[in-house]
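Given the structure is predicted, the values throughout are model-derived calculations rather than measurements. Every chain is numbered from 1 and lettered A, B, ... according to where its sequence line falls, protein lines coming before strand lines.
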2 protein chains.
Amino acid sequence: MSPSTTRSPAKASGLDCRLAVLGADVRLTPHRREVFDVLAASTDHPTAYDILDRVKSRSPGMSLATVYNCLEHLTSHGLIKLVHLERGQSRYCANLHEHVHFHCETCGKVIDAHPNADFDPAKFWNLPAGTRVTRTDLAIHGTCQNCAAKS
Amino acid sequence: MSPSTTRSPAKASGLDCRLAVLGADVRLTPHRREVFDVLAASTDHPTAYDILDRVKSRSPGMSLATVYNCLEHLTSHGLIKLVHLERGQSRYCANLHEHVHFHCETCGKVIDAHPNADFDPAKFWNLPAGTRVTRTDLAIHGTCQNCAAKS
DNA sequence: TTTAGAATTAGAATGATTCTAACTGCATTG
DNA sequence: CAATGCAGTTAGAATCATTCTAATTCTAAA
């Protein structure tokens, strides 16, 4: 956990790789890389279990604990986002563009929705003077296109 | 759970009371009433455990299971709202006015923030045609006034 | 008063996540 | 090159919030 290690973090070996995201140079081990790749290739906001499933073809030995470790590392370094839509399993996404999550209460699907205008939610709400905002999470719940058509 | 009971719901006894909220006439047992009252008197978004604590002075025998049952009943009847801000315990609030939640990442406090203009968040986001929105949840994370002043 | 259904209870069960302790392997130091 | 140390990884235990189950109590209708 401590970033103040004497070990040089700059030297990359064959088992080590890096990823430059948003200007940050993040060191990725093979497992972290695979977890990230799975997430980057997914648009359905997989859970930790989903990710373990998808990673298993390439890394059959990976454990759930490692998936959680990797997700924690990637989240804390800003490469992915953690989404809480309801009680139960957390979901993850690699979409770093500003967006919100639409959650279909019928089929459980989660889709990203992007803003159609430059929009800062924090401006619309009366927060006490001196409040510092680091991030906002907007979740929209309802019925998706498909489920709405069926009913 | 079924609302289609033959039992007349209109007859109230000394141990039964009702509450008219938003036009709905909701039947409240003493325990449900106490849970609701505790929540209505709280502005700090208590968890189920917090509520059990606060209810205990009036109902020493109440169990956590009953608190959860009451919260479920009140939530499904629209008398209170369930808030998920992060992994861990859910929080509840009895503020039914349109508002969002500000969560201080330093002290953990949650405060309600009200809109300063008539505002529908769903309008700002590109949702597929045919999507039906039932509710939106906006959580703002950051540092509150007090914690910001200390740092 | 009998009976049925709803509410309540304690404790067990579940499910997601985190923790612990042991192990592996690379990389720096001697 | 060998020794040492630390990050990464692992399986499984532990924890925590919540839900379920079965038994009990209460209320109201027949």
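The distance from the CD atom of Glu86(B) to the OG atom of Ser90(A) is 10.5 Å, given to the nearest 0.5 Å. Atoms CG and OH, from Leu79(B) and Tyr92(B) in turn, are 14.5 Å apart once rounded to the nearest 0.5 Å. Once rounded to the nearest 0.5 Å, the distance linking OG of Ser59(B) with CD of Glu34(B) reads 3.0 Å.
Atom pair Leu82(B):CG and dT19(D):P shows a separation of 9 Å (rounding to whole Å applied). Atom CE of Met62(B) and atom C1' of dA7(C) are 11 Å apart (whole Å). We find that CD of Glu86(A) is positioned 13 Å from P of dT18(D), with the value rounded to whole Å. One interatomic measurement links the two molecules: CG of Leu28(B) to C1' of dA6(C), which rounds to 14 Å at whole-angstrom precision. Here dT8(C) presents its P atom at 10 Å from CG of Leu74(B), a figure rounded to the nearest Å. Separating the CD atom of Glu72(A) from the P atom of dT10(D) is a distance of 17 Å, rounded to the nearest angstrom. Atom CG of Leu71(B) and atom P of dA17(D) are 14 Å apart (whole Å). Separating the CD1 atom of Ile51(B) from the P atom of dT18(D) is a distance of 10 Å, rounded to the nearest angstrom.
For the OP1/OP2 pair of dT18(D) and a distance below 4.0 Å, the side-chain nitrogens and oxygens of Ser90(B) include at least one atom meeting the criterion. Between Thr66(A) and the phosphate of dT10(D), there is a side-chain N or O to OP1/OP2 separation shorter than 4.0 Å. Listed pair His31(A) / dT10(D) meets the phosphate criterion, a side-chain N or O lying under 4.0 Å from OP1 or OP2. For the OP1/OP2 pair of dA10(C) and a distance below 4.0 Å, the side-chain nitrogens and oxygens of Ser63(B) include at least one atom meeting the criterion. Put simply, Thr29(B) has no side-chain N or O that comes within less than 4.0 Å of OP1 or OP2 on dA6(C).
With distances taken from any side-chain atom of Asn69(B) to the nucleotides dT9(D), dT17(C), dT9(C), the minimum falls on dT9(C).
For Ala113(A), the side chain to side chain contact (heavy atoms under 4.5 Å, CB included) partners are Val100(A), Trp125(B), Leu127(B), not counting sequence neighbours. Residues passing the salt bridge (charged side-chain N to carboxylate O under 4.0 Å, His left out) test with Glu105(A) are Arg135(B), sequence neighbours excluded. Partners of His45(B) according to the side-chain hydrogen bond (donor to acceptor under 3.5 Å, both in side chains) rule, which considers only residues two or more places apart in sequence or in another chain, are His101(B), Asp112(B).
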Any protein N or O atoms within reach of nucleotides 18-20 of chain C? Criterion: under 3.5 Å, listing atom names and distances.
{"residue": "dT18(C)", "atom": "OP1", "partner": "Arg87(B)", "partner atom": "NH1", "Å": "2.2"}
{"residue": "dT18(C)", "atom": "OP2", "partner": "Arg87(B)", "partner atom": "NH1", "Å": "3.0"}

So which protein N/O to nucleotides 12-15 of chain C N/O distances come out below 3.5 Å?
none

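In this structure, Cys144(B) and Arg132(A) have side chains that are not in contact, with every pair of non-hydrogen atoms separated by 4.5 Å or more.
Within the structure, the salt bridge (charged side-chain N to carboxylate O under 4.0 Å, His left out) test picks out the following pairs touching residues 45-55 of chain B (sequence neighbours left out): Asp44(B)-Arg54(B).
Ring centroid separation for the pair His84(A) and His84(B) does not come in under the 6.0 Å cut-off.
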